[in-house]
Amino acid sequence: MYEYLSGLNAPQREAVTYLKGPLMIVAGAGSGKTKVLTTRIAHLMANGVDSFNILALTFTNKAAAEMKERVEKILGNTEARNLYIGTFHSVFARVLRAEAHRIGFPNNFTIYDTDDSRSVLKTVINELNLDDKHYKPSVVHNRISQAKNALVGPAEYATDYYIQQEDMRSNRPAIAQVYQAYTARCFKNGAMDFDDLLLKMHELLKGFPEMLSKYQRKFKYIMIDEYQDTNPVQYEITKLLGAAHENICVVGDDAQSIYSFRGATIENILQFEKDYDDVKIIKLEQNYRSTQSILNVANEVIKNNKGQIPKALWTENEGGEKIRLVRTMTDNDEGRFVADTIQEQKLRNHYYNRDFAILYRTNAQSRSFEESLRRMGIPYRIYGGVSFYQRKEIKDMLAYLRVIVNTRDEEALKRIINYPVRGIGKTTIEKAVTIANEQNITLYEVISRAGEHGFKAGALEAIQNFVTMIRYFQSMLETKNAYDVAVQVGKHTALVKELFSDKTTEGLARYENVQELLNSIKEWVDDRNNRAVIDEDGIVLIPNPSPQVEKGGAKSLDPNDNVSGSLIPSPPVERGQGGEASLGGYLQQITLLTDADDDKGNADAVKLMTIHAAKGLEFEVVFVGGVEETLFPSALSINTREELEEERRLFYVAVTRAKKRLWLSYANARYRFGNLVQNDPSRFLEELPADYVDKSFAGGGARNQSGVNMGSAFERMHRGFGNESSIQYNDSRKPATGNAKPSFIPVAPKPQAISHTPSADFVPSDTANLQAGQKVEHQKFGFGVVTKMEGSGHNPIATVKFELNGEKKIMLNYARLRIVE
DNA sequence: GATTGCGCGATTTTT
DNA sequence: TCGCGCAATC
């Protein structure tokens with residue numbers, strides 16, 4: 001019985017089987033947290049808990065997807081699809097999609113991403129006659145976001161003495177008004193920003209007792225991952241939801257709290273104990289991920305933080321190699337070093353590209369790594385950065401879809417009203433906006449009754465044509481799925497045509513992007529129709545619309561229904577075909593999707609991401625770049641102990657991502673806004689325990705030790721990238737044979753000259769027909785005899801016994817061998 | 001209404 | 001350095 005329990009250690013098992021009442025799991029890095037959570041869900045279900053009554057909240061869609069998958073695997077049946085597993089944002093968006101009308105929003109509300117929010121803010125700031133140079137939308141947005149995450153509404157914001165003092169000091173006393181106006185505008189637009197998804201959920205539970213009890217009854221068992229990163233709104237919501245049954249299980253690690261800038265507070269973890277009468281606390285302290293060396297380094301560094309939950313992370317894993325510290329001259333050199341080392345490690349230790357991760361503090365650092373990897377022909381994938389959905393052409397297309405579903409969405413409407421050009425000029429739009437503001441009606445309402453507002457004949461006709469087109473699209477919502485509607489939009493708006501006729505490279509790329517968007521919508525629709533199981537927003541779909549989804553009464557083809565003239569929205573209308581593959585449903589989840597989520601399988605590519613994005617992930621080999629003062633710790637985070645300790649936790653997170661090997665690198669100087677800026681090595685490097693760190697590539701700056709390694713470090717940096725290089729690059733290597741993906745073409749290894757100097761006439765042979773018994777020469781390992789051939793046709797591996805270096809497994813796709821006889 | 005050119009700001013971290 | 005927003009111009 002309970003076969004799945006057998007693979008757990010004692011505390012893990014205890015955590016899994018402790019089902020009733022409040023439970024806090026303090027889970028150190030790499031201690032099998034996800035395993036415990038997923039097994040616990042399975043165990044709940046095995047003990048008769050209905051899958052419909054389990055809620056699991058995560059921080060990323062990726063984590064949610066992984067959890068879902070693992071539960072399914074353990075259970076081996078389809079029950080898992082009834083679980084509510086997702087990010088806070090996606091789960092609440094889903095609930096709000098059913099309930100938003102209760103708080104005055106349309107159920108098909110738009111979700112604004114950061115760009116949308118800033119754009120609305122800019123409009124609002126200008127309307128208040130404030131200078132958007134001084135009231136920078138991004139700055140104001142951060143401030144409002146902080147307020148929202150702390151459950152401070154516009155009214156309280158305006159009257160709170162300390163908040164007002166802060167705004168005075170930063171010389172932005174009008175933020176309160178902006179906040180107020182922004183909130184009103186979002187409401188008018190029928191839109192919620194990211195923070196609203198939490199805030200409105202809270203409002204719903206707090207303001208409607210029947211809602212509270214409904215969702216308390218629904219979510220009888222609650223699990224929350226990464227609890228150390230919850231902010232006050234999230235804390236309040238989960239507290240409300242869990243209050244009735246107290247079956248609430250939180251998992252966290254105070255040492256990995258890295259989201260305080262988003263309002264998260266470790267206090268929540270400490271508070272948890274006080275919130276319930278008897279909280280069971282279980283610590284998971286055995287690390288299964290990393291080597292002793294890596295763990296020792298991590299533990300040693302985090303010791304410098306004060307006030308932690310006491311715990312001792314240990315491992316039974318092997319000692320492993322020392323972690324390596326590398327110093328380079330510039331950020332470009334750093335990039336080269338890393339790309340170079342990846343290449344070398346692939347050969348030396350037979351890693352795949354996917355085994356490597358390059359982590360950094362800020363997204364901007366990715367550039368030098370990208371360049372070097374590209375130059376070396378190493379495939380890579382960047383997580384984060386500019387998302388697919390942030391591209392102009394994609395936003396344009398999505399804006400059409402948004403307007404069709406929610407005409408109140410003024411942001412989207414303004415974006416497309418005259419794009420592609422249809423003769424609705426700036427003056428006309430300004431006039432319409434003014435009317436809308438004066439009469440407190442939506443912009444769409446103004447243009448849909450343009451005849452009443454005295455537009456000039458030409459403009460009037462253009463507007464009416466536009467409205468007719470939108471109505472035409474809307475009429476399809478009832479019968480057509482998201483893809484069909486999107487295709488129609490593409491055809492009728494000339495949007496696609498315009499891009500298609502643009503024959504420049506960028507134009508072509510844009511056209512392809514739109515095509516790609518359509519494909520992904522198609523995929524989404526098919527997914528719904530065929531399986532109706534996996535939901536991209538991280539929630540397992542309930543095959544039939546869940547009971548709480550209220551079907552609206554009168555469905556109407558008249559788009560005016562949507563803009564009934566008051567701010568009280570029309571009754572909830574579940575638009576679209578069965579609600580499943582509807583355009584509204586599609587849009588609801590698309591904003592919450594990050595490009596890390598549409599990961600096309602496990603492509604064999606080096607992964608690049610910020611340390612924040614790497615949380616919860618693990619990699620065989622990790623490079624942490626830019627370990628320098630002003631960068632890591634960030635110059636913006638060294639003013640208080642709290643900030644500095646968060647940076648240190650971030651460092652801790654970075655280090656503990658590595659399973660086997662870890663490099664820390666820093667550059668003497670890096671390019672910043674075009675000029676070279678000097679940086680000191682990070683203070684965190686001074687905290688590393690010397691016994692577990694190999695500093696032979698770190699040099700000593702002014703205190704150059706004239707060691708052999710020292711010299712070679714610099715040589716390594718500057719060798720092989722100029723014309724004088726003896727190293728053969730892409731153009732000179734033989735064409736890839738039998739490997740489907742051209743990006744996998746290996747690059748010639750840099751000669752390490754450890755113990756063998758290649759023959760002067762070294763030319764790699766075609767090893768396609770290599771047989772055991774043949775004598776070969778390897779550039780690095782020297783002469784040897786093939787003792788065994790294995791591996792499949794497209795990935796042959798030869799075992800070679802070298803005279804100098806012993807037996808090695810050589811992947812023929814990567815290594816270059818000369819057949820001697 | 002589109003095109004060009006100039007000046008200035010940009011770098012924390014994310015749902 | 002680079003990309004964006006904005007003003008000037010046709």
Side-chain angles (χ1 to χ4, degrees), chain A residues 57-64 86-93 111-117 119 122 126 132-134 136-139 141-142 145-146 148-149 192-199 201 226 229-231 233-234 257-264 331 359-367 383-387 389-390 392 418-429 462 537-538 589-597 609-616 626 628 630-638 643 646-647 649-651 653-654 670-677 679:
Chain A
L57 296 169
T58 64
F59 262 77
T60 62
N61 294 303
K62 217 175 185 172
T87 62
F88 279 88
H89 290 84
S90 62
V91 167
F92 298 161
I111 299 174
Y112 281 161
D113 66 14
T114 308
D115 287 343
D116 296 323
S117 300
S119 160
K122 191 171 176 184
N126 288 329
D132 64 21
K133 288 268 157 52
H134 183 56
K136 275 186 254 173
S138 56
V139 172
H141 185 235
N142 278 340
S145 177
Q146 274 182 351
K148 285 183 174 180
N149 284 320
M192 298 189 196
D193 66 18
F194 285 143
D195 304 313
D196 285 333
L197 294 175
L198 308 177
L199 205 62
M201 180 73 189
E226 310 281 12
D229 286 326
T230 52
N231 60 37
V233 205
Q234 292 166 327
S257 159
I258 54 174
Y259 278 99
S260 72
F261 70 92
R262 209 164 86 186
D331 48 353
L359 308 181
Y360 34 77
R361 179 67 239 269
T362 66
N363 281 308
Q365 285 168 257
S366 69
R367 200 213 79 243
Y383 295 81
V386 178
S387 151
Y389 300 103
Q390 282 170 14
K392 182 190 176 301
N418 198 35
Y419 182 81
V421 179
R422 55 174 66 85
I424 306 178
K426 208 169 132 195
T427 345
T428 311
I429 295 171
D537 64 8
Q589 49 89 43
I590 199 73
T591 318
L592 297 172
L593 223 53
T594 58
D595 61 348
D597 300 319
M609 66 186 88
T610 64
I611 300 164
H612 281 89
K615 199 177 72 156
E628 296 146 35
T630 74
L631 201 59
F632 196 12
S634 159
L636 299 163
S637 306
I638 51 173
E643 287 171 343
E646 175 143 325
E647 293 284 311
R649 289 193 295 268
L650 197 54
F651 188 77
V653 168
R670 62 179 61 235
Y671 285 94
R672 227 179 166 196
F673 308 142
N675 26 5
L676 212 50
V677 178
N679 276 336

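The analysis underlying the following values was restricted to heavy atoms, covering all of them including side chains, and did not include hydrogens, waters or symmetry mates. Sequence lines set the chain letters: A, B, ... in the order given, protein chains first and strands last, and positions in each chain run from 1.
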Out of [options], which nucleotide sits closest to the side chain of [X]?
{"X": "A:His89", "options": "B:dT13, B:dT15, C:dC6", "answer": "B:dT15"}
{"X": "A:Arg672", "options": "B:dT11, B:dT15, B:dT12", "answer": "B:dT11"}
{"X": "A:Leu636", "options": "B:dT13, B:dT12, C:dG5", "answer": "B:dT12"}
{"X": "A:Glu647", "options": "B:dT12, C:dG5, B:dT14", "answer": "B:dT12"}
{"X": "A:Ser637", "options": "B:dT12, B:dT11, B:dT15", "answer": "B:dT12"}
{"X": "A:Thr60", "options": "B:dT15, C:dG5, B:dT14", "answer": "B:dT15"}

Quiz item: Can you check whether A:Asn363 has a side-chain N or O nearer than 4.0 Å to OP1 or OP2 of B:dT13?
Solution: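 Checking B:dT13 against A:Asn363, a side-chain N or O does come within under 4.0 Å of OP1 or OP2.
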Just to be sure I understand the rule, does [X] reach a base, reach only the sugar-phosphate, or reach nothing, if contact means heavy atoms closer than 4.0 Å?
{"X": "A:Phe88", "value": "nothing"}
{"X": "A:Tyr671", "value": "nothing"}
{"X": "A:Lys392", "value": "nothing"}

Self-check item: Distance, C1' atom - from B:dT13 to C:dC2, rounded to whole angstrom
Solution: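 Approximately 23 Å lies between the C1' atom of C:dC2 and that of B:dT13.
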Within this structure, what is the [atom1]-to-[atom2] distance between [X] and [N], rounded to whole angstrom?
{"X": "A:Tyr383", "N": "B:dT15", "atom1": "OH", "atom2": "P", "value": "13 Å"}
{"X": "A:Tyr389", "N": "B:dT15", "atom1": "OH", "atom2": "P", "value": "14 Å"}
{"X": "A:Phe194", "N": "B:dT14", "atom1": "CZ", "atom2": "P", "value": "12 Å"}
{"X": "A:Arg367", "N": "B:dT11", "atom1": "CZ", "atom2": "P", "value": "15 Å"}
{"X": "A:Asn149", "N": "B:dT13", "atom1": "CG", "atom2": "P", "value": "17 Å"}
{"X": "A:Phe632", "N": "B:dT12", "atom1": "CZ", "atom2": "P", "value": "15 Å"}
{"X": "A:Leu592", "N": "B:dT15", "atom1": "CG", "atom2": "C1'", "value": "7 Å"}
{"X": "A:Asn142", "N": "B:dT11", "atom1": "CG", "atom2": "P", "value": "11 Å"}

Exercise. Go through the structure and list residues passing ring-ring contact (aromatic ring centres under 6.0 Å, His included) with A:Tyr112, not counting sequence neighbours.
Key: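 Scan of A:Tyr112 (ring-ring contact (aromatic ring centres under 6.0 Å, His included), adjacent residues dropped) gives none.
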Quiz item: What pair of heavy atoms forms the shortest contact from A:Phe59 to A:Glu226, and how long is it?
Solution: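 Closest pair (atom of A:Phe59, atom of A:Glu226, distance): CE1-O, 3.4 Å.
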Exercise. Consider only side-chain N and O atoms of A:Thr87 and A:Ser90, and report whether a donor and an acceptor are under 3.5 Å apart.
Key: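 Yes, A:Ser90 and A:Thr87 have a side-chain donor paired with an acceptor closer than 3.5 Å.
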Exercise. Check whether the side chains of A:Asp195 and A:Ser145 place a donor and an acceptor atom closer than 3.5 Å, and report yes or no.
Key: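 Present: a donor and an acceptor within the cut-off.
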Quiz item: Should B:dG1 form a Watson-Crick or G-U wobble pair with both distances under 3.5 Å, which nucleotide is its partner?
Solution: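 Answer to the pairing question: C:dC10, which forms a Watson-Crick or G-U pair with B:dG1.
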Quiz item: Paired with B:dT11: which nucleotide, if any, by Watson-Crick or G-U wobble criteria at under 3.5 Å for both distances?
Solution: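 Partner of B:dT11: none.
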Quiz item: Under a 4.5 Å cut-off applied to non-hydrogen side-chain atoms, are A:Thr610 and A:Thr362 in contact?
Solution: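 No, their side chains stay 4.5 Å or more apart.
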Quiz item: With a 4.5 Å limit on heavy-atom distance, are the side chains of A:Asp132 and A:Lys136 in contact?
Solution: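 The answer is no; the side chains never approach within 4.5 Å.
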Quiz item: According to the 5.5 Å centroid and 30° plane-angle thresholds, does A:Tyr259 stack upon the nucleobase of B:dT14?
Solution: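 The base of B:dT14 is not stacked with A:Tyr259 (the test needs centres under 5.5 Å and planes under 30°).
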Exercise. Tell me whether the centres of the aromatic rings in A:His612 and A:Phe261 are closer together than 6.0 Å.
Key: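 Centroid distance A:His612-A:Phe261: below 6.0 Å, so yes.
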Quiz item: Centre of A:Tyr383's six-membered ring, under 6.0 Å away, within 45 degrees of the axis: is that where NZ or CZ of A:Lys615 sits?
Solution: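 Pair A:Lys615/A:Tyr383 does not count as cation-pi.
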Practice problem: Take nucleotides 1-10 of chain B nucleotide by nucleotide from the 5' end and write B, S or -, depending on whether a protein heavy atom sits under 4.0 Å from the base, only from the sugar-phosphate, or from neither. | Solution: SS-------B
